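Below: one structure, written as structure tokens.
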Amino acid sequence: MQHTEQFYINGAWVDPIEQHPFDVINPANEEVITQIQLGTKGDVDRAVAAARAAFPSYSRTTREERLALIKRIVEAYTARMEEIGTIVSAELGAPLGFAIAAQAGMGLGHLHQMVKTLETYQFEEMIGTTMVVKEPIGVVGMITPWNWPLNQIMCKVLPALAGGCTMILKPSEITPLNAIIVAEILHDAGVPKGVFNMVQGDGPGVGEAISTHPDIDMVSFTGSTRAGILIARAAADTVKRVHQEMGGKSSNIILADADLEQALRGNLQGVFMNSGQTCVAPSRTLVPSALYDKAIAIARAVTAEYKVGDPQAPDTVVGPVVSAAQFAKVQDLIQSGIDEGATLVVGGTGRPEGFNRGYYVRPTVFADVRPGMRIYNEEIFGPVVSLIRYDTEEEALRLANDTEYGLAGYVQSGDIKAARRVAAGIRAGLITVNHAAFDFAAPFGGYKKSGNGREFAKF
């Protein structure tokens, strides 16, 4: 791969001002894939200057010009889907087929949706006797995570391009290589010089420089709650707009009339895919007491079907988690569940049998999980499910809302009216009923410590 040790600034690949090499690790075998360079404030200054200079002309482009640009990006991205998925599989550890279809596929989904959105978006509206015009905010700093990198890069870059903004992207230094391909795609599609810029780096070196920069008008961040709070504080002095999409601890309320096996299969899939590294994963499963023992038996049997293995193997369903630090965190939380008295149904600490390296985690289910336990309260970001019993609908809602997060929630029921009634009581931004399909046109974002603002499509 070219450009691994360069940044994309003002329409060209440039060397960093200073040398700060950083190893990109393959989590499946713990070997170095390649090195990138971590940027500094000086690199961010160069990128911001380019974006600021490009803004006056790009902000005045027409809808038709931007639409033609995004359609060219669709073509260029589609041509490199397999390459993108292969890179994500290597740097994230996602199974190859899943990486191509889902990880790279999320980026393509946002592209197709943005074409539809931009074709009909209302930039002007008469309210009374006043013409209200929606204008590009200016230069946008974008800080994206490692777990669904194409999803978060494209759902920030595309609306900025569609709206007439210029931008600086800082992808995660843990999974930085897919962003290089994105930058190449945007270049080949003819994004004007300075409109899109990318600086690799970490939070202290590049993220903070973006957050504090006086010539950046908005920061759009996706990542941990801890980092999101730091970004908001850093941005306060320049009074820039800050959008945060942060952590989650989502509950799935299974009502008594639901198809229990179907509900649990969907629940476990939602947690185990991507090795549990999904912010909307339904990791707390709420089951009526009368169905609890049956739910435990189903969860044990279904979990045994999940093949953990090399991401390149065609039968692998669950790959490794992304890093040594993530592996250690997940192991610590699994052990805390055991120590605090939860019942280990399946899985547990340590690598699966047959693995002596790689950051592989055993898909794990706990029963008898109670409020106050760490696995009840904390976002695990690993393939770990907690089964929690409840007796009444009111209790289920109290347990579902008993969290500092509010990103997503789930309800399963054979009665759609009952499901919607319960869904209305969940304090979270995105509620999914009966495992409905993902919708690229819907607003995405949460309440409480899950952040503020909404993104995707017109939002």
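What you see is a predicted model; the values in this text were computed from it and never measured. Computed over heavy atoms, backbone and side chain alike; hydrogens, waters and symmetry mates excluded.
Panel note: side chain Y58, backbone L161; a donor-acceptor pair is recorded below 3.5 Å. Under the 3.5 Å distance criterion, the side-chain polar atoms of T130 are left unmatched by any main-chain donor or acceptor of V132. Distance alone, capped at 3.5 Å, places no donor-acceptor pair between the R63 side chain and the F123 backbone. With hydrogens and angles disregarded, a donor-acceptor distance shorter than 3.5 Å links the side chain of R72 to the backbone of A189. Within the 3.5 Å criterion, the main-chain N or O of P176 finds a donor-acceptor partner in the side chain of Q200. A distance-only check finds no donor-acceptor pair linking the side chain of R362 to the backbone of G350 [under 3.5 Å]. Side-chain atoms of S275 come within 3.5 Å of backbone atoms of G319 as a donor-acceptor pair (strictly under, hydrogens ignored). Judged by distance alone, the side chain of T364 and the main-chain N or O of G347 form no donor-acceptor pair under 3.5 Å. With Q277 contributing its side chain and F381 its backbone, the two residues share no donor-acceptor pair below 3.5 Å. One N or O on the side chain of E91 and one on the backbone of L177 form a donor-acceptor pair closer than 3.5 Å.
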side-chain hydrogen bond (donor to acceptor under 3.5 Å, both in side chains), that's the test. Do Q152 and T222 meet it? Break it down for me. CA-CA 7 Å; Q152 293 300 336; T222 300; 3.1 Å; yes
Begin with the C-alpha distance, continue with both residues' side-chain angles, and end with the deciding distance and a verdict on side chain to side chain contact (heavy atoms under 4.5 Å, CB included) for L118 and L158. CA-CA 10 Å; L118 185 54; L158 293 176; over 6 Å; no
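A heavy-atom distance below 4.5 Å is not found between the side chains of I84 and M81. With a 4.5 Å cut-off on side-chain heavy atoms, N274 and W148 count as touching. Within the 4.5 Å cutoff, side-chain heavy atoms of E245 are placed close to those of C279. E455 is not listed as a side-chain neighbour of P159, based on a closest heavy-atom distance of 4.5 Å or more. Residues Y405 and K448 fail the side-chain proximity criterion, which asks for heavy atoms closer than 4.5 Å. Using a 4.5 Å heavy-atom threshold, the side chains of C165 and I137 count as touching. S224 places none of its side-chain heavy atoms less than 4.5 Å from the side chain of M246. Contact annotation: the side chain of I17 approaches that of R46 to within less than 4.5 Å [non-hydrogen atoms, C-beta and beyond].
Taking the ring-ring contact (aromatic ring centres under 6.0 Å, His included) definition, one finds that Y306 meets it with F272, sequence neighbours left out. Partners of V115 under the side chain to side chain contact (heavy atoms under 4.5 Å, CB included) rule, at least two apart in sequence or in another chain, are L67, I70, K71, V74, E119. For H3, the ring-ring contact (aromatic ring centres under 6.0 Å, His included) partners are W13, not counting sequence neighbours. Contacts of H187 classified as ring-ring contact (aromatic ring centres under 6.0 Å, His included), with partners at least two apart in sequence or in another chain: Y8.
Minimum heavy-atom separation, T238 to T212: CG2-O, 3.5 Å.
Listed by first and then second residue, the salt bridge (Lys or Arg N to Asp or Glu O under 4.0 Å) pairs that reach into residues 321-333 are D332-R374, sequence neighbours excluded. The salt bridge (Lys or Arg N to Asp or Glu O under 4.0 Å) analysis of residues 208-217, with sequence neighbours excluded, yields the pairs R52-D217.
Taking the six-membered ring where the residue is Trp, H110 and F456 present perpendicular rings, their angle passing 60° and hence far from 30°.
With L286 as the fixed residue, the side chain to side chain contact (heavy atoms under 4.5 Å, CB included) test singles out one of V411, I253, N252, L397: I253.
Relative to the six-membered ring of F327, R351 meets both conditions, a distance below 6.0 Å and an angle of at most 45° to the axis.
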